[in-house]
Amino acid sequence: MKNLVIVESPSKAKTIQKYLGGDFVVTSCMGHIRDLPGNDKAIDVANNFTPVYEVNDDKKKIVAELKKQAKQADVVWLASDEDREGEAIAWHLVEALDLPEDKTRRIVFHEITKPAILKAIQQPRGIDTALVDAQQARRVLDRLVGYGLSPVLWRKVQRNLSAGRVQSVAVRLVVEREREIQAFTSTSQFRVQAEFLVDGKSVVAELPHRFDTEEEAQAFLERCKGATFTVNGLETKPAKKRPSAPFTTSTLQQEASRKLGYSLSRTMKLAQDLYEAGHITYMRTDSVNLSELAIGAMAQVISAEYGARYSNPKNYTTKVSSAQEAHEAIRPTDTTVRNAGTTEAHVRLYELIWKRTVASQMADAELERTIATIGVSTISETLTATGEVLIFDGFLKVYMESTDEDTDSEDSKMLPPLSVGQVLPLDHITAQEKFQRPPSRYTEASLVKKLEELGIGRPSTYAPTISTIQARNYVVKEDRDGWKRDVRSLTLRNDQITRLVEQENTGAERSKLFPTDIGGIVTDFLLQHFDEIMDYNFTASVEKQFDEIAAGQRKWNDMIAEFYGPFKEDLDRTAETAERQSGERLLGVDPKSGKNVYVRLARYGPVAQIGDADDENKKMKGLTGALSIETITLEQALELFKFPYVVGDFEGKPMVIKVGRFGPYIDHEGFFASIPKGEDPLTITAPRAEELIIEKRKSVAERTIKTFDEDPDAQILKGRWGPFVKFGKRNLRIPKGTDAASLTYADVLKLADEQPDPAAAKKAARKAAKATAEPAAKKAAPKKKAAKKAAKKAVKKAVKKK
DNA sequence: CAGTGAGCGAGCTTCCGCTTGACTT
């Protein structure tokens, strides 16, 4: 073999193989191959923060294979991405594969096109060790921060929690936004709009200022009685709309969320599939750059399809300062392909990418905006009517970006032809009460947008980060019901003023991010003791230092040492002095018992408590639904203690309303039915409870394929991925091609025997760990760690085998 | 899933960023 080329992704390897031909073998390493081990030996703090790297467990096979191939090759070309992480991957490959310098070449390209690859081969270089050092600084800093802060949280707040440079700031954003919303008091104003009828067409004009009170609005309408309305001025201005830049990871996530309603992980999975099938370029990118080839190809498609006037070839420059631009923007690999993808969801995402990319290469839309000033004979103030006419649609023919804010500005309409001095016949004037909107809650995608603006996180981590903060229960993605409020309006028609009070729904949310109590408590705790890391500019400031390291102006160990000194002091001081955080609040006094009522975070979550901590007869109830420690009232807390109660009898047995870990439910002598969110468990009626029990029975029956007389704990059920056997607490898989309904109890026992029991495996692994650890414990501690690791592996293996 | 919450204490948890599959009830 003459040449071995190593890239990061197998799909990329396949494409490049086509461009390079027979003298080259192109293969992939699947991203990072080595990393710090997950223990406290990973960084030798006392020795200049020297990191210890290990080949990742899931990369051992790949590394072995690459090593073999590298030995046989004359030249090894390291073609990992052209950024900090990519440079580090190349360096780790040199180290892990023992590559001799004289047969190793480092090459880079930021687009996968034949000319770019061939050019790169002509310009090989060595490893940029300064850039590698910048990556090491990044890696070590993140480990020190994450593994430094998390244990403090275990001690001071709750077990299994985590903190880190990226996730903790993401949570902070959600927590602070929620507090802004809670603190927001919505004031209203009256907006005045007049509607005229000109040749059967409606012209809507607005008073530029709003009234704070109904009385002022009323007074204004009174003054408009009997007035004539005349066009005082007409002004037309040309305007342009520009297409948006092609997609990056973050903008794709935002648009797929807004236009298609996809979650981050769904979008990324679909994009990955399209990428692997060769339909789109790489989907984890921060660049809006398009290759020259792509721009040329698109110009042809646009001219052919829409006419030359619609084509406006151009490249975009990124506005994101943290961008490393190792790849192109996300675009179709072949613009002539209008449809791609195997499922409806894939097709829709591809279409979105196609339209966005093509639109980016099209001409601006041209508009004409008209502003008419309308005088009112009885007063000095004027009304304004605005209209918009599309002169040339340009890129709008293909694509229009949507926005996060669902503004209630009416669509800009066309105005009928008007002339100065023209008298407009009034149909009516309405003063409508308009409430100020509180800041909007984050969606997954808008939180990513915010993080990107702050330079926090990378395209490959946006979706996982948002998943992590939900997995840790710092943040929940939920729908919330709104509430009704009165909206007043006054309408002047035929010199008569009528007043109307209508109800509107407000505050309803869909798929928005809400902080949990634990999210709030952890954020406050970290802000109090580690304000530097929680600062929204922390990442930007360390990034600047990483850049200095990359430029060779600074040694990475020095930078880390400078950071770690004060950080370690904060860690130690906090561990020693900080009290355990429970978010406890005293709500007031229970009128029945005269005891204090508290809310706080207990072991299994937030609780309300009647009685002080040392009260032997204190009572506790878990907080349910949307109740939170921060906002719960005394009345709401006392309501919780009304459970459990009997709502009525059904089939001779009582229906008891209870609140469990997963919310309110009906206990019908051991048969459980949840009370849906949005229904108040305190006012539920007996007939409704019966209905819920019957519904639940039906769904259980539908789910059940077969039961066994021999063992009521064994059932064949329908699951999300087809039929499976529920065997006590275990779930057994049914081999492909087996008719689930025909399984006998003996078959079930056989399946149980064949398939490993993860719980038992875990137990066994623990035991094994203990057995090996105990004799070693006398001598040396490190061996104990090794045993633990072995145990962990054994569990993983046992579970995997299944 | 389904009434938990004391106290003791063993054993455990955790970061960010680069990649795919394997797997999910």
Side-chain angles (χ1 to χ4, degrees), chain A residues 7-12 28-36 38-40 42 56 58-59 62 80-81 83-86 88-89 92 135 138-155 158-168 272 276 282 284 326 456-462 464-465 468 472 539 600-605 607 609 613 616 618-622 643-644 656 658-667 670-674 703 717-726 729-734 766 769-770 773 784 788 791-792 799-800 802:
Chain A
V7 297
E8 290 180 40
S9 131
S11 299
K12 208 172 176 181
S28 62
C29 66
M30 311 268 191
H32 275 296
I33 52 159
R34 300 201 309 177
D35 191 16
L36 303 173
N39 57 37
D40 50 9
N56 304 346
D58 56 338
K59 300 291 165 60
I62 292 166
S80 46
D81 293 347
D83 59 16
R84 199 164 62 203
E85 298 296 327
I89 288 173
H92 280 300
Q135 193 274 347
R138 199 281 304 156
R139 181 68 191 92
V140 167
L141 179 103
D142 282 337
R143 167 56 64 86
L144 291 173
V145 170
Y147 276 42
L149 292 181
S150 300
V152 179
L153 294 181
W154 305 340
R155 288 184 53 186
Q158 209 177 61
R159 44 183 281 163
N160 296 340
L161 296 179
S162 66
R165 174 177 58 84
V166 174
Q167 59 169 285
S168 296
Q272 174 96 28
E276 285 174 11
Y282 196 55
R284 291 188 275 263
I456 300 171
R458 303 280 312 134
S460 68
T461 59
Y462 291 140
T465 299
T468 298
R472 298 268 175 278
T539 290
R600 66 183 177 91
L601 190 70
R603 201 152 80 146
Y604 299 108
V607 293
Q609 175 181 310
E616 277 185 8
K618 65 173 181 276
K619 287 189 286 185
M620 285 192 247
K621 285 283 173 188
F643 298 102
V656 188
K658 298 183 178 181
V659 175
R661 195 142 75 91
F662 305 96
Y665 65 100
I666 308 153
D667 182 350
F671 185 84
F672 307 110
S674 292
R703 218 165 72 96
L717 302 176
K718 255 184 243 167
R720 207 156 32 127
W721 291 277
F724 70 101
V725 181
K726 192 167 167 57
K729 287 199 167 168
R730 293 174 59 191
N731 293 318
L732 306 173
R733 292 193 309 156
I734 296 172
R766 277 240 172 94
K770 233 178 183 169
K784 197 172 167 186
K788 265 190 217 165
K792 216 167 156 190
V799 174
K800 236 179 195 168
K802 194 176 75 148

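Distance A/Asn39 CG to B/dG11 P: 18 Å, rounded to the nearest Å. In this entry the distance linking CG of A/Leu36 with P of B/dC15 reads 14 Å, nearest Å. Atom CZ of A/Arg155 is separated from atom P of B/dT14 by 18 Å (rounded to the nearest Å). Atom CG of A/Asp667 and atom P of B/dA2 are 11 Å apart (whole Å).
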For nucleotides 6-9 of chain B, tabulate all protein N/O to nucleotide N/O atom pairs closer than 3.5 Å, reporting atom names and distance.
none

So which protein nitrogen or oxygen atoms get under 3.5 Å of nucleotides 16-18 of chain B's nitrogens or oxygens?
| from | atom 1 | to | atom 2 | distance (Å) |
| --- | --- | --- | --- | --- |
| B/dC16 | OP1 | A/Val166 | N | 3.0 |
| B/dC16 | OP1 | A/Gln167 | N | 2.9 |
| B/dC16 | OP2 | A/Gln167 | NE2 | 3.3 |
| B/dC16 | O4' | A/Asp142 | OD2 | 3.2 |
| B/dC16 | O3' | A/Arg165 | NH2 | 3.0 |
| B/dC16 | O2 | A/Arg138 | NH1 | 2.8 |
| B/dC16 | O2 | A/Arg138 | NH2 | 3.4 |
| B/dG17 | OP1 | A/Arg165 | NH2 | 3.0 |
| B/dG17 | OP2 | A/Thr461 | OG1 | 2.9 |
| B/dG17 | O4' | A/Arg138 | NH2 | 3.3 |
| B/dC18 | OP2 | A/Ser460 | OG | 2.6 |
| B/dC18 | O5' | A/Ser460 | OG | 3.4 |
| B/dC18 | O3' | A/Glu8 | OE1 | 3.2 |
| B/dC18 | O2 | A/His32 | N | 2.6 |

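For B/dT14, the base is not stacked against the aromatic ring of A/Trp154, per a cut-off of 5.5 Å between centres and 30° between planes.
Checked against side chain to side chain contact (heavy atoms under 4.5 Å, CB included), A/Gln158 has the following partners two or more places apart in sequence or in another chain: A/Leu161, A/Ile518, A/Leu601. Judged as a salt bridge (Lys or Arg N to Asp or Glu O under 4.0 Å), and not counting sequence neighbours, A/Arg284 has no contacts. Under the ring pair (Phe, Tyr, Trp, His ring centres under 6.0 Å) criterion, A/Phe672 pairs with A/Tyr665, not counting sequence neighbours.
A/Gln609 places no side-chain N or O within 3.5 Å of a backbone atom of A/Lys618 that could act as its donor or acceptor partner.
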Give the dot-bracket line for DNA chain B from 5' end to 3' end: parentheses for intra-strand Watson-Crick or G-U pairs under 3.5 Å, square brackets for crossings, | for inter-strand pairing, dots for unpaired. .........................

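Between A/Gln609 and the phosphate of B/dG5, there is no side-chain N or O to OP1/OP2 separation shorter than 4.0 Å.
Checking B/dT14, B/dT20, B/dG5 against the side-chain heavy atoms of A/Arg472 singles out B/dT14 as nearest.
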